[in-house]
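Inspection log for the structure reproduced underneath, given as structure tokens.
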Amino acid sequence: MKILVTGGAGFIGSAVVRMALERGDEIINVDKLTYAANLDNLKGWTERSGYAFEQADICDSAAIARIFSEHQPDAVMHLAAESHVDRSIDGPDAFIQTNLVGTFQMLQAARGYFDTLSPERKDRFRFHHVSTDEVYGSLGEDGLFREDTPYAPNSPYSASKAGSDFLARAWSETYALPVVTSNCSNNYGPYQHPEKLIPVVILKALAGDKIPVYGKGENIRDWLFVDDHADALLLILKTAAFGETYNVGGLNERRNIDLVRTICQLMDEIHPRPTPHEDLISFVADRPGHDQRYAIDASKIERELSWKPSVTVEEGMRRTVAWYLDNEWWWQAIRQQGFEGQRLGLASKEQEHDG
Ligand code: NAD
Ligand code: DAU
């Protein structure tokens with residue numbers, strides 16, 4: 001299958017590109033190459049036959065229309081987005097542009113292209129809109145996010161993603177564009193930008209710097225190894241019926257503080273220092289509007305598409321810690337471009353030292 005992937009130089013997009021190429025699909029990677037992109041994520045893959053790259057902004061309607069017309073894809077996997085909650089608090093503009101306007105332009109271009117396809121190709125065409133569990137807001141102690149959970153986004157990021165989900169739904173209902181949507185929990189694994197929790201902890205621990213835990217560390221996330229997500233995304237693209245939505249998650253709920261301690265223990269084992277890495281944990285000012293708990297009910301995708309995560313959180317964390325320790329070249333390059341693990345996402349600078 002010839003798949004147009006947006007955001008294929010990002011964390012999850014590059015995992016999808018690597019897996020799809022490995023399985024024999026063709027890829028057109030459309031990426032603007034923002035700060036979050038890294039073509040090193042595709043080192044060794046871009047020379048493969050069946051891979052094409054187009055540097056383009058998804059908000060640029062003319063560029064996207066040209067890419068559809070020139071490459072004639074069988075399907076779209078739309079992952080390009082501004083993805084970091086803390087950055088959405090500091091500067092929501094790019095989130096509104098890319099996540100809302102960009103998704104609108106992708107849907108419009110896909111619709112124009114879809115109209116040119118033969119009936120057989122129309123039958124097979126899918127626009128897979130990749131979204132997040134954050135659109136559902138925050139859970140209390142009980143319950144899980146299901147596909148029919150009402151939307152209640154709380155951050156500029158999640159609000160922009162929720163809006164993009166509604167656009168995708170509307171293009172499906174109104175224009176019969178064959179859209180499928182998936183909403184996934186927190187991903188982790190190799191090639192994740194060092195702004196996100198897991199690489200923050202590993203790299204701070206490695207440097208012997210304080211490990212910042214927001215608030216009391218009692219917020220809960222549901223962790224999924226990135227390759228398990230990529231596998232689910234390709235399965236949904238190829239087998240889901242037009243109009244369906246699927247929640248994807250690992251049934252791996254952890255309090256942040258427990259996860260951070262687990263990583264510290266792995267670091268003690270793999271990269272010991274004179275005192276335990278846990279001593280570096282520092283409770284810092286909380287994220288404004290911090291969602292308390294996310295947890296996914298993945299029973300629909302398990303039942304209907306026979307998908308299951310293959311990596312336990314213990315195994316995935318061990319592999320991830322080892323990967324960052326073995327691949328300093330990858331994250332040092334990001335450091336040299338100016339990101340050195342500084343605190344992001346405080347609504348006001350005065351909060352920085354509150355703990
Ligand atoms: P990422 O930030 O690592 O990568 C995003 C990619 O999109 C980058 O390569 C960037 O250059 C590209 N991009 C951004 N703006 C663009 C634009 N205007 N035009 C073209 N390309 C642009 O993100 P990620 O963590 O890989 O997330 C990918 C998708 O999955 C996003 O839609 C995100 O909302 C969703 N998601 C992420 C997670 C997670 O835990 N990371 C979980 C659920 C859903
Ligand atoms: O749930 C899916 C979402 O997961 C995706 O849609 C987002 O794109 C992705 O970034 C992720 O969002 P989170 O905000 O949950 O991820 P992050 O890694 O930023 O934070 C995870 C938790 O850790 C969260 O409760 C905030 C906390 N945290 C984060 C950082 C960066 C800390 O305590 N310290 C930190 O330094």
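Counting starts at 1 for both ligands and their atoms, following the listed order.
- Other cluster members for Phe242: none, since no ILVMFWY side-chain heavy atom sits under 4.5 Å from it.
- With 3.5 Å as the limit, one finds no donor-acceptor pair spanning the side chains of Asn327 and Tyr324.
- His271 and His277 have tilted rings, their planes meeting at an angle from 30° to 60° on a 0 to 90° scale.
- Using modelled atom types and a 3.5 Å distance limit, the side chains of Tyr113 and Gln108 yield no donor-acceptor pair.
- Ring geometry for Phe125 against Phe114 counts as tilted: the plane angle lies between 30° and 60°, on a 0 to 90° scale.
- There is no side-chain donor-acceptor pair under 3.5 Å between Asn219 and Tyr214.
- A cation-pi arrangement, defined by a distance under 6.0 Å to the six-membered ring centre and an angle within 45 degrees of its axis, is absent between Lys43 and Trp330.
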Check each N or O atom of ligand 2 against all protein N or O atoms and list the pairs under 3.5 Å, with atom names and distances to 0.1 Å, one per line.
unit_1	atom_1	unit_2	atom_2	d
ligand 2	1 (O)	Asp133	OD1	2.6
ligand 2	1 (O)	Asn186	OD1	2.8
ligand 2	4 (O)	Asn186	OD1	3.4
ligand 2	4 (O)	Asn186	ND2	3.1
ligand 2	6 (O)	Thr132	OG1	2.7
ligand 2	6 (O)	Tyr157	OH	2.6
ligand 2	8 (O)	Ser83	O	2.7
ligand 2	8 (O)	Tyr157	OH	3.1
ligand 2	10 (O)	Ser83	O	3.2
ligand 2	12 (O)	Glu134	OE2	2.8
ligand 2	14 (O)	Arg287	NH1	2.6
ligand 2	14 (O)	Arg287	NH2	3.3
ligand 2	15 (O)	Asn186	ND2	2.8
ligand 2	15 (O)	Arg221	NE	2.9
ligand 2	16 (O)	Asn186	ND2	3.4
ligand 2	18 (O)	Leu197	N	2.8
ligand 2	19 (O)	Arg287	NH2	2.9
ligand 2	23 (O)	Asn256	ND2	3.4
ligand 2	25 (O)	Arg221	NH2	3.3
ligand 2	25 (O)	Asn256	ND2	2.9
ligand 2	25 (O)	His290	NE2	2.6
ligand 2	33 (O)	Tyr214	N	2.8
ligand 2	34 (N)	Pro212	O	2.9

Under 3.5 Å donor-acceptor pairs involving side-chain atoms of residues 1-28, not counting sequence neighbours:
unit_1	atom_1	unit_2	atom_2	d
Lys2	NZ	His71	O	2.6
Thr6	OG1	His78	ND1	2.8
Thr6	OG1	Leu79	N	2.9
Thr6	OG1	Ala80	N	2.9
Ser14	OG	Gly10	O	2.7
Ser14	OG	Phe11	O	3.1
Ser14	OG	Arg18	NH1	3.2
Arg18	NH1	Asn41	O	2.9
Arg23	NH1	Asp231	OD1	3.3
Arg23	NH2	Asp231	OD1	2.7
Asp25	OD1	Met1	N	3.1
Asp25	OD1	Lys238	NZ	2.9
Asp25	OD2	Lys238	NZ	2.6

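- Taking all atoms of both residues into account, the shortest heavy-atom contact from Asp222 to Gly249 is OD2-CA, 4.5 Å.
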For ligand 1, list all ligand N or O to protein N or O distances below 3.5 Å, rounded to 0.1 Å.
unit_1	atom_1	unit_2	atom_2	d
ligand 1	2 (O)	Ser83	OG	2.7
ligand 1	3 (O)	Phe11	N	3.0
ligand 1	9 (O)	Gly10	N	3.0
ligand 1	9 (O)	Asp31	OD1	3.3
ligand 1	9 (O)	Asp31	OD2	2.6
ligand 1	11 (O)	Asp31	OD1	2.6
ligand 1	11 (O)	Thr34	N	3.0
ligand 1	11 (O)	Thr34	OG1	3.1
ligand 1	18 (N)	Asp57	OD1	2.9
ligand 1	18 (N)	Thr98	OG1	3.0
ligand 1	19 (N)	Ile58	N	3.0
ligand 1	21 (N)	Lys32	N	3.1
ligand 1	23 (O)	Ser83	OG	3.3
ligand 1	26 (O)	Phe11	N	3.3
ligand 1	26 (O)	Ile12	N	2.7
ligand 1	32 (O)	Leu79	O	2.9
ligand 1	32 (O)	Lys161	NZ	2.7
ligand 1	34 (O)	Tyr157	OH	2.7
ligand 1	34 (O)	Lys161	NZ	3.1
ligand 1	40 (O)	Asn187	N	2.9

